[in-house]
Amino acid sequence: GDALAVSARVAPLGSRLVLLLVEDLTEARRIEAVRRDFVANVSHELKTPVGALSLLSEAVMDASEDPEAVTRFAGRMQIEATRLTNLVQELIDLSRVQNDDPLEDSEPVRVDELVAEAIDRCRHQAGTKQITMAAGGTADLHVWGSRGQLAAALGNLVENAVNYSPARTRVGIAARHITAPGGDLIEIAVTDQGIGISEKDRERVFERFYRVDPARSRATGGTGLGLAIVKHVAASHGGEVTVWSAEGQGSTFTLRLPEAGAVRDRDRGRTLME
Ligand code: ADP
């Protein structure tokens, strides 16, 4: 029935229909290419630490007479193993946020708890760089969504802020309620005084495995997947993530998410109308 209705509507448009079909094919081909690139990227990213581990284990065997060298190589093996663990964990996170319907386990989530958790996760790294972290405006705010996914998203933003900042700088997290006609929002902004991101790179940092400086990202245990996860979480919650940055001065990543009360009111309205 639907197909007939559609073809009746498009039949007079002959060439438009062909164009639509061509666009469909192009889109299907694009999706296929993205999938193939992703698999190739994952394979490459896995091969790097595995290759290093293999070389290092050979080095350990060759150096069995030299305990100091063995300790040194073992230390580097530990770094590579951590890198591998991070990558596998982020791949799992990404596949979860790509497949899960966040509405399934959604609930009102306290913003102050999300922020405290994100800060906790980075406390060690921030401490070694003497980076101070400060949060404000988080009291009494609730977002609607999956607690685990939201924690992963905010955690990634704060982790990046710390990783891409020099020592003795500040990372600030500011939250506020925004009244909006389409439903109220909660805005959470993570600001750093770090290296910043050029305009050209700003558009691409949310792509899976895109890194401005791959060596720097790897050195801090980065996987290139963090911001892709953030973007997916924001989108699946009906929100968005945006970035502002000035090179050499710092960046602000802003998450905008539906406010818990707004979602409840909207759903209540829907129930009343049914
Ligand atoms: P990674 O694991 O490499 O940090 P992400 O997806 O989290 O991967 O980020 C992608 C890239 O975006 C990073 O490699 C880095 O080049 C850049 N980036 C992310 N956050 C920041 C930030 N706060 N300041 C400067 N650059 C950033």
Side-chain angles (χ1 to χ4, degrees), residues 34 37-38 41-42 44-49 79-98 115 118-119 121-126 128-135 149-174 187-236 240-255:
V34 167
D37 281 357
F38 180 63
N41 279 331
V42 170
H44 175 78
E45 296 291 335
L46 288 169
K47 269 187 193 156
T48 310
I79 294 173
E80 295 300 332
T82 306
R83 192 164 296 167
L84 205 50
T85 311
N86 285 349
L87 179 59
V88 170
Q89 185 56 52
E90 296 235 298
L91 282 169
I92 292 169
D93 284 353
L94 185 65
S95 79
R96 253 205 350 239
V97 303
Q98 280 181 338
V115 169
I119 289 179
R121 200 169 117 176
C122 303
R123 201 176 292 285
H124 176 74
Q125 174 76 356
T128 58
K129 291 171 82 174
Q130 290 176 273
I131 289 176
T132 39
M133 293 190 286
Q149 291 191 15
L150 292 168
L154 191 63
N156 274 319
L157 291 182
V158 177
E159 201 167 35
N160 281 346
V162 171
N163 278 342
Y164 299 104
S165 291
R168 286 178 292 280
T169 53
R170 220 181 104 95
V171 169
I173 306 167
E187 188 180 271
I188 309 173
V190 181
T191 300
D192 64 56
Q193 301 171 322
I195 58 177
I197 306 167
S198 74
E199 193 178 340
K200 168 176 80 59
D201 289 317
R202 244 171 274 158
E203 295 173 13
R204 303 204 55 193
V205 288
F206 294 99
E207 291 173 22
R208 296 176 298 198
F209 293 120
Y210 187 82
R211 298 145 158 140
V212 177
D213 176 352
R216 179 173 181 141
S217 159
R218 290 208 181 86
T220 58
T223 61
L225 293 175
L227 288 178
I229 292 172
V230 177
K231 189 179 170 181
H232 270 283
V233 171
S236 65
E240 60 169 7
V241 56
T242 54
V243 56
W244 173 93
S245 186
E247 267 182 284
Q249 290 179 42
S251 312
T252 297
F253 283 83
T254 306
L255 262 176

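Order of listing sets the numbers, starting from 1, for every ligand and every atom in it.
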Side-chain touch Leu227/Arg211, heavy atoms, less than 4.5 angstrom: no

Polar side-chain atom of Arg170 near backbone of Thr191 as donor-acceptor pair, under 3.5 Å: no

Asp213 backbone acceptor or donor facing Ser217 side chain under 3.5 Å: no

Residue pair Arg168, Gln130: steps toward the side chain to side chain donor-acceptor pair (under 3.5 Å) verdict: CA-CA 5 Å; Arg168 286 178 292 280; Gln130 290 176 273; 3.1 Å; yes

Ligand 1: protein residues within heavy-atom distance under 4.0 Å: Asn160, Ala161, Tyr164, Asp192, Ile195, Gly196, Ile197, Val205, Tyr210, Arg211, Val212, Ser217, Gly222, Thr223, Gly224, Leu225, Gly226, Leu227, Ser251, Phe253

Test: Glu80 and Arg83 ion pair at under 4.0 Å: yes

Side chain Asp192, main chain Ser251, donor-acceptor under 3.5 Å: yes

